[in-house]
Amino acid sequence: MGRGGDRVLSDLLFWVAGAAAIVTAWRVFRADSMVRAAYWLMASFVAVGVVLVLLDADFLGLVLLLMMAGEMTIMAVFMVMFMMNPAGLNPMMMVHQHRTSIVAGVVAFLGLAAVGLFGAFPVAPALSAPDTTARLGRELLGDSMLIFETAGVALLATMIGAIAIASGSGRYGTAADGSVEPPAELASGETP
Amino acid sequence: MTMPVGDLLPELILLGGAVVVLIFALIAPRHLQAWAAALATLVLAGAMVATITLMSGPERLTFAGTYAVDGVALWGKLIVCATTIGVVALSVEWFASDPRHGEYYALLLLSALGAVLLAGAADLMQLTLAMLLATTGAAVLIAYHRRSRRAGEAAIKFYLLGALTNSALVFGVVLLFGLAGTTTFEGLHSGLARLGSASLLPLVVATGLVLVGLAFELGAVPAHAWLPDVAEGAPAPVAAFVTAVPKTAALIALARLVAVLPEGAAGWRPLVAVLAAVTMTLGNVAALWQDDVRRLLGWSAVSQTGYGLMAVVALGRSSLAVPALLYFLAAYALATVAAFGVVVVLRGQADRARYAGLVAAHPWLALALLVSLLSFVGIPPLAGFAAKLALFGAVIDAGYGWLAALAVANTVVSVFYYVRVLAPVYLDEPLGAPLPRLGSWAVGSVALATAAVVLLGVWANGLLAAAHAARILPG
Amino acid sequence: MTLPALLVVAAALFGIGVYGALSQQSFVMIMMGLELMLNAAILAAVAFWARSAGGTPKGQLLAVVVMAVMAVEAAVGFALVTNIYRIRKADITEKLKALRG
Amino acid sequence: MLTAAIFIPLAGALLMLALPATRERRLRIVAVLVAAVPLMLLALAWLRFRGGGGFEQVEAVSWIPTLGARYAVGVDGISLPLAAMTALLFTAAIVYPVDLRGRPRAYYALFLFLESVSLGVFLAVDLLLFYVFFDLSIVGMYFLIAAWGHGEAARRAALKFFLYTFAGSLAILLAILALYLSSASGGAPRTFDMARLIAERPLDGPGLLSVLAFLGFAIGFGIKTPLVPFHTWLPPAHVDAPAPASTILAGVLLKMGTYGFVRVVLSMMPATFQRFAFPLAILAVVSIVYGALVALAQQHLKRRIAYTSVNHMGYVVLGIAAAGALRTGAEGARALALTGATVEMVAHGLITGALFLISGSIFERAGTYELAEFGGLARRAPALTAVAVLAAFASLGLPGLAGFVAEFQVFVGTFAVYPWLAAIGLLGIIVTAALFLQLLQRVFLGDMPERWAGWRDLSRRELTALGALLVFVVILGVAPAPLLAVIDAGVRPLVARR
Amino acid sequence: MTVWLLPLLPLAGALVILALGRARRSPAALTATALATLLAVIAVAVWAAVHASSAAWALWGPRLAPRLDVGRIGRTMVVLVPVIAVPVVLFAGASFRRDAGLPRLLALLTAFTGLMELLVTAGDFLTLLVAWELVGACSWALIGYQWRDVARVRAARDAFLTTRVGDLGLYLAAAAAFAATGSLDFGALAAARGPAFGVVAAGVLVAAAAKSAQLPFSPWLFSAMAGPTPASALLHSATMVAAGAYLLARLAPTLAPAVGWFGPAVALLGLATALAGGLVASVQTDLKKALAGSTSAQYGLMFLAIGAGFPGAAGAHLVTHAAFKALLFLGAGVALHAADTLDLATLARARLGRTITRVALLVGVGTLALAAVPPLGGAYSKEQIIVAAAHAARWRGTLVVGALVAGLFSAFYAARLQLLAFSHDRGDGNATDGTAPTGAPPSTPELASLALLAALSVALGALWLPGAASAAVWAVGAPLAPGAAWELAASLATVAMGVGGAWLLRRRHMLVTLGLPDAVRTRIAGWFGLPAVGRQLIVRPTLALANALADFDGRVVDAGVRGAVQVATFTSGVLAWWGERGVDGLVTAVARATTRLAHASRAADDQGVDRVVEELARDVGVVGTASRRLQTGLAHDYYRLAAAGTVVLIVVAAFVAVLGRQAR
């Protein structure tokens, strides 16, 4: 493909993907059931992933596509199964403070769109380089090592914490038994 | 590149310690779980020692400019670790019946690690992740009473509000990256300074969004709402932790961040001043009629955030700003441990009415409550007084006399609700049988924190002088 | 595929996310709104990386960081929601109002 | 030595808490002995006083060098008499018997604590230290009123006292900070040192900050004094406080306000003070007349005495304002005014202290303060009547007693500066005379209601305490020279500058 | 320093007497102590008068030092005061010998003497003021001697307050003198000029008028009658009341030349009082009050002389008046004792002239002196006053005529009092019918004191002797005017007219009522309603103002703080709206805020107890409640708050940034 045609095609794809991302995002909150909402959300992520790829951030796009979308969906379904019975497929529309929310959304959109449209950002396009991903890797293990490690620790803490909270059983029987504040009055025989 | 691992010694000790505690908790039998507390204390003490050894070195940025090892950060680490030691001691008997007692300390250490990292963060991404770590840990800790309806509710609210503001923060960070082309503070400093007036809008929006993100961690308006709920609902030792520790780190992070923002363009100084004013006022008036001491302490924590923000307002304009910041944080954290510690010792009983005649049954606890609350007010010679003195001096010096005046008015208002707690303690007759006490670990923690509040106040010079020399990089 | 265009799309996603976070009663749906906001942040981050930061790897790293935030938030959120559902049978915000005032 | 005077009572307070609570008598004896120590130490300081102007017998140690604050105490001609009066008044107040509600330890400990901080206020020669003690006095007094006051209303009155005066003290804090921050001129480090601030006067110009600092001080000290219209905390606090606490409140705590005017505002920012001297003098005159008139209308013994405090403290402020009204000229008259104001601080402390103790004796016996309930007590209580007559006449400014020495000098001095204000202020004298004569008549003279037939006259303890105060009232009235000589040493540098 | 013994000796004596009284010593011992003290004082006084001694009180202070200075008329007064006090104390000791309060009475009388000594020896305004006020306080104690009687205590209070109003004049005078000369010394006054000098003169005049019971202060003397008779005797003769005239006599030579209006003002005030007092004394039906009226009148004459420029004449009259007025009062005391009443009509029926003839005769001496019948001293000094009036620089005619009329009055009321109080028969010729005397006859010490004073009055007749005038001039420290024959003639004529008038009226049984309607008589006898006017114009409004202020003090409403309340109320309304959500919530909140405002106003206006500061505090509390409503406990409300807060934050930031940009 020629450079010009390349750009037209990618522009076209961007518009399609961008529109898809927005429309699917909107559908998330218009879905009849939580499961459908989760799928719409996944679709939105996929659309954004496409845009990322179009921007030559192939790796990120794929990560987003595969890891995030998948993880999101799985967890959402898990949640729905856990909480909604039967299976969360019932039609639902559970909203509150609807007008306020619309106003807030619109204001957020307008504000950030204004930033995008009228704000001057430095112009320094990324050169289309083949080693983008490799550079990311070098960054991760080089200058931004600490950041990377911090992210790792955060994920570790999340795992420990999530298990500690959510896991129903532990080494000593039901995990949550006794997990309350100390009683206000002493049990008989106990000395203060 | 080289890896200056030595600069991270305190952090690594905390991380390693957390892992060790976790492993201990997994293998130790139930009756030995409390030993995890001793381990955690050792770890924290080790981290403090490591921090102190770092103090003798030069103040510098490390890890390619993403992390600061400067006076402010190191003092922040000391405050965080010391506070956490106090919280650990408060937790031993409180969580004794919990089957996951041991893991609690691992999470506590990880959350403290998040705070420590946040205090040193000199990069927007580092800041974001450190905050994430601190917040995540805190959320789990708040929910740690898995059978407590109030704890669960508090955790959800904490989490939801945190997630929202975190999203705002992230978007703000992205905008700042777009403006400066980098995320290190050094880069921000030079990058933002170059911008023309057409970039004002993005800069303003980004500043606002980042500020909201930090406001959550600080417990400042408009993201303060979790604080009273958590203070009331969370396990009392955890309440002490989350009202003191993340705030310490976030205030330092905010100071570090605003120091690199261009002075005139974004107008962060008046903005923070307004935030401080609204926060302290709201916290104070909302605390007025609280009958639940824990909740009252939560609201008072909101107002204290407002006072703390005053130091940030004065940053760069007054030589008192940095001493004020650090001293205030130390005084606040210690008094918080003491005040919540009293609640812990009283087995979480927080109804004001039940404190009637406390002085007769537990004179030393009553004294601790008196000292900590009066320190919040700023009565000399307690630590809170020197803190307020430095804060007021700093903002007046910076030309924000009105903020000092407002803080004064707020302080007067605050007397009302603190006295509302103290009056029954000292003046009323006991209602019935005296409240039973929790064990001696908690008592020891309260005693230490109370003594520290007094000593820090009387010998204010030690910390003030050291803080005077502390720098805040890369501002 | 100019920067303003990318940012407008991101703004739209963010706005919808805000709407969702504020309007939904269910914790899970609120979290979906929050994910959308972060999604917008990822898009914006990559857009800046590609258009105004000269392709510095920090831009990509920023996107990775946001993803990490997303993952952590989701995991913790689900844990907490599971917990609260277990003890209170609460799945919407309106059911949690014991702590107030 | 001054340090010992401040901290021995504090140590005594801690000792109180350590002693067993059951033996009230022993507690009291220990408390009195401890309270009297500063009195003796200050007497010694008085003997050693040289009167060369400026602070003497300074004892200083480094405290917060980072902020330029020291622990520094010392005396000059103005603080020494006030400190001595404070020590005397505390001793008398502690001796005085009162219903301790079964908590003698806390009561005496609190009193000793309050003595300690009150002495600290007057002896501090570091502005920050001054503020520290100033603030603590509020806390101590709050608990005294709230815990040993009369009934539920006492809590409220105590809280009001706390909030109101604490607001004032914070206004002072801001002004102190403004002073402190301006003290960095010429590359010297900032300081809270009073001597340096007096010498350098960093904030003594026409600038806005000077004005604001002055306002802060004026409001803060004005509340404490109290000047109309900031006086509304005073009557309830007095009415509901136990008598010895009232004594201290009126005798010592109010002086902190006027002492602050002299020590801080007049000394450290005389030019700014001069700009506002006239409005201040007007407020003072309003306080004089208003306080006297409102007191006249009160039918409640303590309330009446409380309002006379507003009146008397008005004299003090009037004298101070007159002294600061000019930078040059009429030195003699201004010195006289300031001397009078200082004497009035001492005299009012002793006299009103005695009056409140007397009212306490009456309340302990009668359980009421309503004037209408009394009459003819002179039949049963000649000693009580005698001391009451003496105290009342001293308060209404009878020559030969301490109050006259003060008021006369204030008026004569002020007249040279503000003749009209002095003349209006004179009216207060006549009203106070009326109200005190009426008071004596209502309580002690005329017919006696049957119910007081069993009235006990003053006990030895009561008589001792009152005697100690009134002896000084007489001595100061007849032979004020030793006092005036000391005060003059403090006054001279203040009126004779540039 | 010897001169300081003059005030200190009696004060010490008073303390000794009190101590002896506590030790329950006999009345005789107490009286003897008092007398001994007084005699010692006389000795010192004579010494001081001769040596014109002067000394300062070193114990006062570096800037002001009270100074005693026996000079001018003071040298007479310093002796006169204790001399008069001796018989009075003697009388008191005898007539109150059974009274439990005797030690107090004697101590007060002695102290009173000492304080008066302080007053007459004062060499500067400070000393003067000290003595001035102390004399007043002492008079309060003396008048209120019988403190069980509320009416007497009230009278004492009124007397004290009235004279204290005058004291303010002295305060002003002292202050003005200091402002003008930098000193309080009388000697420095001469250097003063200008308006300050006018203030000094005015202050002195007011103070003197009040003490000497001149118009409009005269009625306080009536209140003073509530005291025991010896107290009145001392009060009216040589102490207290004498102080005013003494002060003027002392200072007039300095003040009058410098202040043009001073002399005429003093003279006219004196004249007015002399006439008014004469009228009052003439119609009074209470013996002591009539005497009190005469006191005002006689001091009025002295003022007249001083104003006319001859303080010496006033000084002479002060001396003679002291002697006979003390005598008359003691006589009244005996009469009261004997007849148990002071009402002249009743007394007339008691025929004391018959039962206690010796007393009547002794009192008669005083009466003659009061009536200015030569050759008694009273006549001489009154004559000098007429002469002085004739030499006045201004208002000469008025003063002379006025003085003569006043002389007529004094002759008339003197005769009237004697005739009524010590009548030999009932005045209607029916000598056999009358009430028997009820009281005991006077004791020997009482008689002796009367005799002493009578003798003194007679002895003062020596003034008529040739050559005595120069001694008098020395004694009073001021020149006397040369007299003329016509003045003496006119004066004697008026005396004759007065006495004769009284005699005639007695014959017509109209001496008590004078044929005047009751209403008129009562009005005149009560100082023309002056006390009521004082009550209406001063006491009532003051009390009303005091009550109003006290009421106001409960509210202390002022616009500024009220504004703050409104702001607080508004804020609470806004915050409440946050909690209420939506527009209807806003309406509710506004309504509530309005209600609250109304409530606040009502609280401030109606309840009259609550202060605005409290209102403010309460409103902060309301804001607190409202802000708690903000904390709904619902997470989505927190979200809304955070979102709105973010928007506001960014808007504010933008605003600030734009402003900052424009500023640069």
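In what follows, chains are A, B, ... by sequence order, proteins preceding strands, each numbered from 1.
For Leu8(B), the part sitting under 4.5 Å from any heavy atom of chain A is the side chain, from C-beta outward, and nothing else. Leu110(B) touches chain A through its side chain: at least one heavy atom from C-beta onward sits under 4.5 Å away, while N, CA, C and O do not. No part of Arg194(B) comes within reach of chain A, as not one of its non-hydrogen atoms sits under 4.5 angstrom from that chain. Both the backbone and the side chain of Tyr144(B) come within less than 4.5 Å of a heavy atom in chain A. For Ala108(A), no part lies near chain B; criterion is any non-hydrogen pair under 4.5 Å. In this structure, chain B has no heavy atom under 4.5 Å from any part of Leu155(A). In this structure, chain A has a heavy atom under 4.5 Å from the side chain of Gln349(B), while its backbone stays farther away. Of the two parts of Ala168(B), neither the backbone nor the side chain holds a non-hydrogen atom closer than 4.5 Å to a non-hydrogen atom of chain A.
Ranking Leu201(B), Val344(B), Leu209(B), Thr62(B) against chain A, the residue ahead of the rest is Leu201(B), based on heavy-atom pairs under 4.5 Å. Counting heavy-atom pairs closer than 4.5 Å to chain B, the top residue among Ser179(A), Ala157(A), Ala166(A), Pro182(A) is Ser179(A).
In terms of heavy-atom proximity, Ile163(A) sits nearest to Arg100(B) at O-NH1, 3.7 Å. Scanning all heavy atoms of the two residues, the minimum distance from Val115(A) to Leu175(B) falls at CG1-CD2, 3.9 Å. Scanning both residues, Ser199(B) and Ala120(A), for their nearest heavy atoms gives OG-O, 2.6 Å. Nearest heavy atom pair, residue Pro202(B) against residue Gly119(A), reads CG-CA, 3.6 Å. Between Leu107(B) and Ala164(A) the shortest heavy-atom distance is CD1-CB, 4.3 Å. The minimum heavy-atom distance between Ser97(B) and Val180(A), with the atom names listed, is OG-O, 4.3 Å.
Taking a cutoff of 4.0 Å between a charged side-chain nitrogen and a carboxylate oxygen, Arg294(B) and Glu181(A) qualify as a salt bridge.
The distance from atom CE of Met125(B) to atom CD1 of Ile147(A), rounded to the nearest 0.5 Å, is 4.0 Å. To the nearest 0.5 Å, atoms OG1 (Thr184(B)) and CG (Asp143(A)) are separated by 9.5 Å. Considering CD of Glu11(B) and CD of Glu149(A), their distance stands at 12.5 Å, rounded to 0.5 Å. Expressed to the nearest 0.5 Å, how far CG of Leu203(B) lies from CZ of Phe121(A) amounts to 9.5 Å.
Of the candidates Thr66(B), Thr128(B), Leu113(B), Leu117(B), Leu117(B) is the only one forming a side-chain contact (heavy atoms from CB on, under 4.5 Å) with Thr150(A).
Counting non-hydrogen atoms of neighbouring residues, nucleotides and ligands closer than 6.0 angstrom, the CZ atom of Phe148(A) reaches no more than 12 such neighbours.
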